[in-house]
Every structure is written in structure tokens, then in C-alpha cells.
Amino acid sequence: MKIFELTRADDPRQAIAAAAKANTAQQGADIRFIAGGTNLVDYMKLNVETPRQLVDVNHLPFDKIEALPDGGLSIGAVVRNSDLAYHPIVRKNYAVLSEALLSGASPQLRNMATTAGNLLQRTRCMYFRDTAMPCNKREPGSGCAAITGVNRGLAILGTSEHCIASNPSDMNVALAALEATIHISGPKGERSVTIGDFHLLPGNTPNRETVLEPGDLITHVTLPPPSPGNRSLYLKLRDRASFEFALASAAVVITADGGKITRARVALGGVGTKPWRSMEAEGELTGQSATQAVFQKAAEAALRDAKPQSQNGFKVELAKRCLVHALKLVTQTA
Amino acid sequence: MPTTQEIPTASPIGRGTPRIDGPLKVSGAAHYASDFHFPELLYAVPVEATIANGKIRQLDTAAAEKMPGVRAIFHRKNIGKIFRSSAGKGNEGICIERRPAFEDDVVRYYGQYVALAVADTFESAKAAADAVVVTYAKEKPNVEFKLTADHDPDTVETSYGPEKRVQSERGDAAAAFASAPVKLDQTYVTPAETHVPIELQGTTAMWDGDHLTVYEESQAIFNLRSVLAQMFGLPYENVRVITKFVGSGFGSKLWPWTHCPLAVAAARQLGKPVKLVLGRKMTFQAAGHRAHTQQRLRLGATPEGKLVSLQQDYVYERSMLEEYHENCGEATSFHYSVPNLRVHFGRARRNIGTPSDMRGPGAVPGLYATESAMNELADQLKLDLVQFRILNEPKIDEGEGIPFSSRHYVECLQLGAEKFGWSKRNPDVGSMKRDGLTLGWGVAGAAWIATRDDAAANVELRDDGSVRVACGVQDIGTGTYTVLALLTADKTGVPVEKVEVVLGDTMLPHGPVSGGSWATASVVPAVFAAADNAMTALLNAATTTPGSPFENRKQDDLAFKGGRVFVKADGPGGGVPFADLLKRADLRLVTGSGRSEGIFGSKAKPKFSMHSYGCHFAEVTWQPEIARLRVSRVVTVIDGGRIINPLAGRNQIEGAVVMGIGMALLEHTTYDPQNGAPINSNLADYIVAVNADVPKLEVHFLDYPDLELNAIGARGIGEIGLAGIAAAITAATNHATGVRVRELPIRIEDLLKSSVLA
Ligand SMILES: Cc1cc2nc3c(=O)[nH]c(=O)nc-3n(C[C@H](O)[C@H](O)[C@H](O)COP(=O)(O)OP(=O)(O)OC[C@H]3O[C@@H](n4cnc5c(N)ncnc54)[C@H](O)[C@@H]3O)c2cc1C
Ligand code: SF4
């Protein structure tokens, strides 16, 4: 870990002004916000992140979960993952989000982790974590050790020849299925970005992970009102029973009417370089009956463009089974 | 007369006794090796090589040296002399990685220490270590997964002395196999596994002139003392090693690793105490691991299921310089009756950190392979897995041609089968269901050597009615403190609460290693002898003190039981508490010493074959829709001699089964094919079983004393519980899914091939 300065922001303008001086908001940022610190501090200890200044955002007034007039929900950037998971409105209207959060990490970590921190948590690619290894995300142009090395846990969707790192977050997958919007306050004012546009594909610049610019502060995340009569669910598959990132996961939000699916939102985790919304799967489901055959078609569609690496070919089949099973469970009449 | 002791109703041995050190541990008052602080203590952080093969070309320490708080950056040129060490008899001078750090500029494995930063704080030392710039002449490392044996002579040197590569042979195994009516020829692979004890390895070293004190979480303090005396050219008695508590070792703390002498050398060079605690990543690189093994098993049998031939040819990886022997044939020669047998091994050098003992070394990977082969052959023969084993039960140890001291393997299998409900097993793959899940049932046997190391102990009877027992053995979390209290209480009749136990210091009488599951068996005779001698001293005082109720009595007429002395002829009803006798004689205490010779490594041919036995019955559930396999039930039966403390004993077996679930389904250290780093070197990527992976575990002990081993017939049970469990789980997995996994761990990739789809 490199020596750094820690300052505490008491109002958002102060935080934005401090971070606006950063060289970038992506890999290599010299100024970083710190929230729960459960991801950032890890990487600072490994010298993967070497900010000279940390701006503590934990005291900003973004710690509330509020029902919106339109029936949606606003979630503050520093709301702890556990508070969010157990919030009555979340449990009632957005079960998929609660389940995704609770499937992640451990209770201790969830008590620290925040909404914005979780959105921005970085890949678990083992080469990214080790500064002695080549890694295009950490050090552009140095190569990708994972493509020719250990890549069992990495992505099969949205990869590029420069990077195949998977987005590790469970929460993000639920947010993708819920069509969340990220609200940002920056040096140039406020703006909002849909979850689908927030994370970037690696392409030629895997070091760029989001649309954030220096000084951009996430203030809150909003969810649209739940579609009436919907049921949602998160299913996570991994090697051990708990405390592990997903090999494959599925977030599904389904509205069915008399056995017919009228609306479907599907996102996959553990397999994409970003939280992977699958409109292809949604297209196969919408207007169809909730049958195994339809689910299978949706799964095939979702994984059609998968590009397996030397070790993670099994994820194609695993993700399919995950999605099919999630759809089966969510459409089962109780 | 006031009594200071109560007569306990019965011996505490065999009664479940909570750990006497429990309160210290849960209140944070138990001091582990790196919890000790000293004035002027400095902190050391090693610089790890970032190549696995090559040479250090240049080491630039200039920037690091100038950093705040930095005292020194050590490397080959300025660390001072560190000698090599050599093994003596038994457990003296054992060091698996003999090459002292910095001995030359060659890098042979990833993470090898190439320099050492020492500073006023840990943070400064770490920052300085990170700032050392090392340039290498890099060569491609050999971490090839598939193992082909190197050219080796018929007898090879190993860390434990010479070993014949044909380890055991009888009859003509090849010919018998060739003509066997039923055959099995399969290869089983176990990956490198890392111990990952929660407490990290570390050393705090302190010099006082030419006297050295080291706080180390060691499983063998006397061995470490002898190694350090050699490495620093010191008289043996000038080295003191202290290990009060160990946060598990699983073998990784048995023998010294290269960081320990580095801390000692740095303390010497700087004239100040130095603490060096490894980071988790370093423990994957340079603090041992279970060697990756590849074992070809060839079994031949009659159609009725009688084994006629067994061949085990195994290859294991070793590091570039060292000769650690992973003895996969440990249990093969005696476990089943078979007239023709050959066990043979080879070794393959790799650019990896040196493998070492890990819980049940040799036998655990060995039994995984042999028990898996037994299960496969039974299936081929269409025989019940339990019956097939019973059919091949030997009458004597056919490898050594000697009788067993105490073997109840068949009873283990029978009891386990009954407790598990094995008779309800339908052998057809995928045929058993519960709650919408497919069940798989499997079984495997276990064996682990029972032996004794040298041990000495001292017992003091004190005038306040308490007893102190001291022994330089270590409690590695297994309950050794409590075992010594129970043994002493048993012998002297003093209640357990009145026994003070002192361990973990080379100032104390020479204790055994806490490894090989020998510690308990080894301390029994030493503690008993010490207690006997202390009691004799007490009787001496009782018969010679003027005014003593027993003055001028013959010692032989007296007895010492239940903490009281009485005349044998009068029976135990009356008698005098020993504390009263001490007071009358104006003695604060009397003391007795005891020692016992070890039998391990002795050249004399043993009269008996001594082992613990056991078996595991495992159930898995299979949910093909999501390729999810979980262990849902395990019943374990252990024939581990007399169980001194069933509470701690059960805990050992349960812990081993949990580790076995990890071995079967999760654990593997993966070497990066490009640069040779153990790449999953942290606890998020090196997956071990968590609570949610652990089902209901049932443990039964047969409790037959093995009186050939010691007076109460106690063996150790730290390792036996891990033997066989992986084979039971792979058998259960095959039963549920039809997928035969012969390379651990069982992965989702394997299970996706299952044709059991609902
Ligand atoms: C052992 C372990 C296991 C885990 N397992 C899982 C798992 O199974 N599933 C899962 O989903 N996650 C898992 N996690 C990850 C965990 O969810 C994240 O670490 C956590 O969500 C990060 O939140 P934080 O508040 O601590 O972020 P921090 O570490 O504080 O910050 C992360 C990043 O977000 C930035 N940031 C923080 N707040 C803001 C803001 N308001 N505006 C702009 N930028 C901001 C920081 O600058 C930093 O770059 C695990 C973590 C650990 C350590
Ligand atoms: S996959 Fe991406 S993060 Fe991993 S090594 Fe390659 S470039 Fe780096």
C-alpha cells in the first residue's frame, strides 16, 4: 500500500471538487472516493490501486432508501448492502435485488459495502490482482495473462481479445433486470445513466470500466415502479454453498398472465464482462407460455454469442441451466 | 483434619472434557507466537521473487533504503552467514527446504525470498519491500501438470532418509494381474493443496549475546531448536523456542520454513528483536503444500471378489532442490489381503515451492486412490462396496508379516453401515431419490500409522493440593493442554481443575512433535512415569518425615490414589491428602521426571503393526437442473485406540471430514502455466469448505485400547479422519450422477457430463 491522504467530505460539492482534480475516474485514478472500502482497500493493499488521496463519502446525505411518488424506489449511494437487502419495500417489490445482495459476500462485508461501491466493484480476475502479472486492465498494453492462463472464472459474453474479466457483482445483475438508473453528480452538474449504459465493454480499453469522469459522484440509484403482478428471483451457482462469487447467476423478473409471459426481464451474472442483460432471452419469453421448451429457447438465445476460453466452456451450459431453472422457479405457481 | 482435595469418583479419561485453555482463547488472553511484543521490536517483510525459474540479475535497494523508518534491506550480500542444517535421529534437525534463503542468486520457484526489508513498523517494512526493484534473467518454469517420473536410482534420498522406490513387494503382482479374471487399471490424480491454517506462519527472533530466543508457531519446537542451532552455529542450549498456542498447522508448521532463519539473521545483524509474519499469499508460495500426485492403480480379482493382485505406481511433484517424500503407499501394503502386491514410486521436479507434510501426508492422497480403485472394482464385480472390503480383510499385516496390535476395520464398516442405513442402498446409478433430489451413497476406508515419538515430562505435586505438569510439546489447537491435564488427573487422582499444564517451551522437558497424530500417544508414558516418580517422592517424604502419620512405614505398604495417601491394608477409606503430607514435611513441592523412547524410525523390526482404522459413509445430493452436488450426510467410524477426550476427539474427526469435503469438491492450488505462480493464493480464490457446505456429521469411536502402544492404549486421531473421505464422496458422486471423477476436486465441469438428468 502506498501512503495516501484521507479527507472526509461533509457535502457533495466538496467531494466533487476534490475528486475533479483526479487524472481519471478509471484504473490508475490518483484520487478516489472511499465508501465501505471493502473493495478499494483490498486493491490498495495489493498496489493495484494506488491513489494518493481518498475522499471519504460515508458521511454524505445519501444513506436513505425512499419510495418515489411514481411507485419506484430511490436508493442512496452509501446505503449499506445489508440495509438494502432487508428493507421492507425491497423485499416486497424487488425480491430479486434482496436475494442478489444476500447471495453475495458475507454478513460482515454486506454491513460495510455500499450501493455505489458495489456498482463499482472490480473484477476478481487473479491476474488483475497481482501487479507482477501482465494485465491490460491494470496496465494497458501489457497483455492479458488470463486468456492464455487460468480463466475458469472469467467471462464468456462481451469479451474482447484484450480482456475477458467478468463483472463480479451480484447486485448489478439484479439492477440490470430491474432496469435501474444511476444518478451522478459531477463537476458539470447532474446526470443519470441507465444501468445498461453505465458499465463499458472491455473492447480496446479494458482499463475503462464505466462512463464515470473525474469528480463524478454517484448519489443514488433509482428503480422504476415494479411492474404489476411480477415475480422476481435471483439464482446463483458456484462451487461451494456460500461466500463465493458466481460462476453463473440469473436475475429474472417475470410477469405472467394465465400461464402466458407478458413481460420478461432477464440478466445474467458471472458470465459477462458487465452485468449481462439479455434482451434476446426476453424476446424469446415475451408472449410465450411458461414451459421448459420456451425457457430452453430463451437460454439458448442468451448464450448464443458466448465465446468460451480454454477453461470456462462449461459456463455456457451452466448459465443455460441456471437461467432455465430460475425461470422455472419464478413461474411456478406457489 | 481439613481436606484439600476431593476424591474424584472415576478417572476423567474417556469423559468429554471442554478444553482447559478455552477461556483463554475466547477472551483473547491466549498469546500466539506473533502476539508477543518487545521494546524496540522491528518488523520484517520479505521480497518475493516474481519469477519461478531464473537468476537474480540485479537487486536495487537504493530507493527502499531511503524510505522512512527503514532499518535495512537484507539480501545475499549482507544477511551474514546462515549455515545449512542436517537431520539427526528421529525428529531432530528436520528441515524440508534445506537451502537457506539468499544462499545463491538462483530462483527456483515463484515467491522465493530474494530480499528482506526491516523497518520500525510493519507498514514501512511492507512499503520498502515493495520498493525493492529486482531484475531477473528469466527462464520458462516447469509447472507442467502431467507428471512423468524423473530418472532416479532404485533407492533415493528423501527428507526423511533413504527410500527404496519399490516400496513394498510380494508375490508377482504383474503376472497375477495379467492372468486375473477381473481387472481394473485406472489413474487417480490429486492436485497440490495448501494447508491455509487461519494463523499465519511467523517468527519473532531475539538475541541476547549468543543466546537466541524465537517465538514461532511451531508444531515441533525441539526440532526447530536443533535446526536453528545448526544454522547459526550455536550451542544447542543457547537456543530457546517458545510456542504457547498454535492457530492450526495441518503440517505446515511442523518443519521450519526459510522465513524463520531470515528473521533470526536480521535480528542478529541489527541487534534488535525482529518480527516476521507471512502474508497469506506467501504461505501458498514458500510454506509448504501437499504435493500433487498421480497414481496408477492396477487391481486384479477373482469373479467372487478376492483380490489377487494390487499394483500402485505413483508419481509426485517435488521442488527443484528438495526431496520431500509424499508416501502415497503408506497404507497400501497392509490394508487388504492380497497375495501379489507391488508399490512403487517416482518423482517429478517442478519449479514449485517445496511440498511438505499436510494432514495425513501420503496416506490421504494414497487412500483416495486405493479406496477409489476398490470402489470401482467392486462396482465392476457387482459386489457391495462394504462386502467387497470385508471379503478382503487380512489376518495379519501382509506387508510386514507381523500381527496387528489392534485392528477392528471390519467392525468399523459394519457399525458404519448400520448407522448409515447402508442396507437400503440400491446400487443402480441415479436410482435413489429424496425431496426431488437424486442421492448418491459411497463408502471408503481409512488407516493411519500409530506410533510414538521420544517424550519427556515433569510432574510436581504441590502443597496447595495442585499438580503441575510440564512438557515441551505443542498444543496446535487439538487439545493437548487438556490431554495432559486429563492424564495427570487420572494418575494422581487430583481433579482436572487443579492441574496446571505448561507446554510449548524448549526450557521444558523434551516433548514430541505435534504431527503424525503422535503427540498424545507419545506423552502418555512420559507423563505417567513422571507422575509415578513424583508420587514416589511424596511417599518418601511421607515415610521419613517425623510426625507424619506414615512415619517409618514401608513405602510398599502405602498407596497413592485419588490425591490421597493411605495404607493399602486399610483401604482407601481413610488416608491423608498429599498436600497435608507436604506441609507437614515443610515441602512446597515434590517433583518427578519421566521419559519414554519413541518407536518411530527405530531400526528394530516391530512386533506389531500399529495403525488406526476407520471408514466414512457419505451421502451426496445431486440436482442436475443446476449441476449442484452437495454432501448431505457423513457417518464416520474410527478405531483410534482409547479415546482420552471424546469431546476433542470428535472435534478432530469432524474437522477432518470438513477438510475432506474440501478435498473432494473444492481445494486445489493452481500454478499459472506461464509464470509458475500459485495463482489462487488467497482465501477468496483458494476455496475451502464453509459452514454451509457442512452437513450433519456423525462420528463413532470404537474405543478399543491399543495397549501395545502405551499403557492406556491411546492413539492420536488428528489425521485419520481425513483419510478416505474423498474416495467416499467420489463414490457417492458416481452413484448419484454416473460420473466417475478420478482427478480431484470434483468440479461442476465433470458433473455437467452426468446423464442423470432428473
Ligand atoms: C471476501 C469478499 C467476498 C465478496 N463476495 C462477493 C459476492 O459474492 N458477490 C458480490 O457481489 N460481491 C462480493 N464482494 C464484493 C463486495 O460486494 C464489494 O466489495 C462491495 O460491494 C464494495 O462496496 P464498498 O462500499 O465497500 O466499496 P469501496 O471499496 O469503498 O469502493 C469501491 C469503488 O467504488 C468507488 N465509490 C464508492 N462510492 C462511490 C460514490 N458514491 N461515487 C463514485 N464512486 C464511488 C470507490 O472509489 C471505489 O473505486 C466480496 C468482497 C470480498 C472482500
Ligand atoms: S482478463 Fe482482463 S483483468 Fe484479467 S488479465 Fe486479462 S486483461 Fe487483466
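Each chain gets a letter, A, B and so on, in the order its sequence line appears, and its residues count up from 1. Worth knowing before you read on, the calculation uses all heavy atoms, side chains too, and leaves out hydrogens, waters and symmetry mates.
Top candidate by heavy-atom pairs under 4.5 Å with chain B, chosen from A/Val324, A/Asp130, A/Thr131, is A/Asp130. Of the listed residues (B/Pro624, B/Ser681, B/Ala689), the one with the most heavy-atom contacts under 4.5 Å to chain A is B/Pro624. Residue with the most contacts toward chain B among A/Met126, A/Met133, A/Arg240, A/His325: A/Arg240 (heavy-atom pairs, distance under 4.5 Å). Ranked by heavy-atom pairs under 4.5 Å with chain B, the list A/Leu247, A/Ile3, A/Val150 is led by A/Val150. Annotation: maximal heavy-atom pairing with chain A below 4.5 Å, among B/Asp685, B/Leu629, B/Ile51, B/Asn680, occurs at B/Asp685. Comparing A/Asn47, A/Leu318, A/Thr148 by heavy-atom pairs within less than 4.5 Å of chain B, the highest count is held by A/Thr148. Note: B/Asp672 leads B/Thr50, B/Asp672, B/Ile661 in heavy-atom pairs under 4.5 Å with chain A.
A donor-acceptor contact closer than 3.5 angstrom is absent between the side chains of A/Asn111 and A/Gln108. Side chains of B/His668 and B/Glu743: no donor on one and acceptor on the other come within 3.5 Å.
Residue contact with chain A, scored on non-hydrogen atoms closer than 4.5 Å, is absent for B/Val694. A/Lys328 touches chain B through its side chain: at least one heavy atom from C-beta onward sits under 4.5 Å away, while N, CA, C and O do not. B/Glu625 touches chain A through backbone and side chain together, each having a heavy atom under 4.5 Å away. Neither the backbone nor the side chain of A/Ala326 comes within less than 4.5 Å of any heavy atom in chain B. For B/Ile687, the parts lying near chain A are the backbone and the side chain together; criterion is any non-hydrogen pair under 4.5 Å. There is no contact between B/Leu751 and chain A, counting heavy-atom distances below 4.5 Å. With a threshold of 4.5 angstrom between heavy atoms, B/Asn682 approaches chain A through side-chain atoms but not through N, CA, C or O. Heavy atoms of A/Asn312 lying under 4.5 Å from chain B are absent altogether. In this structure, chain A has heavy atoms under 4.5 Å from both the backbone and the side chain of B/Asp693.
By the 4.5 Å heavy-atom criterion applied to side chains, B/Pro46 and B/Leu276 are counted as neighbours. The shortest side-chain heavy-atom distance between B/Met663 and B/Ile725 does not fall under the 4.5 Å cut-off. Side chains of B/Tyr110 and B/Pro678 form a contact here, defined as non-hydrogen atoms less than 4.5 Å apart.
In this view, A/His162 and A/Asn204 satisfy the side chain to side chain donor-acceptor pair (under 3.5 Å) rule, not counting sequence neighbours. Every residue two or more places apart in sequence or in another chain that forms a side-chain contact (heavy atoms from CB on, under 4.5 Å) with A/Met44 is listed here: A/Met1, A/Phe4, A/Leu40, A/Glu49, A/Pro51, A/Leu54. Residues satisfying the ring-ring contact (aromatic ring centres under 6.0 Å, His included) criterion with B/Phe145, sequence neighbours excluded, are B/His292.
Between A/Arg152 and A/Asp239 there is a salt bridge, since at least one side-chain N of the basic residue sits less than 4.0 Å from a carboxylate O of the acidic one. Under a 4.0 Å N-O distance rule, the pair A/Arg52/A/Glu5 does not qualify as a salt bridge. A salt bridge links A/Glu317 with A/Arg321: at least one charged nitrogen is closer than 4.0 Å to a carboxylate oxygen.
Between A/Phe128 and A/Tyr43, the distance separating the two ring centers is shorter than 6.0 angstrom.
Within residues 290-298 of chain A, no residue has any heavy atom closer than 4.5 Å to a heavy atom of chain B.
Taking a 6.0 Å sphere around CZ of B/Arg57, one finds it holds 12 or fewer heavy atoms contributed by other residues, nucleotides or ligands.
In this structure, CD in A/Gln27 is found 7.5 Å from SG in A/Cys135, a value given to the nearest 0.5 Å.
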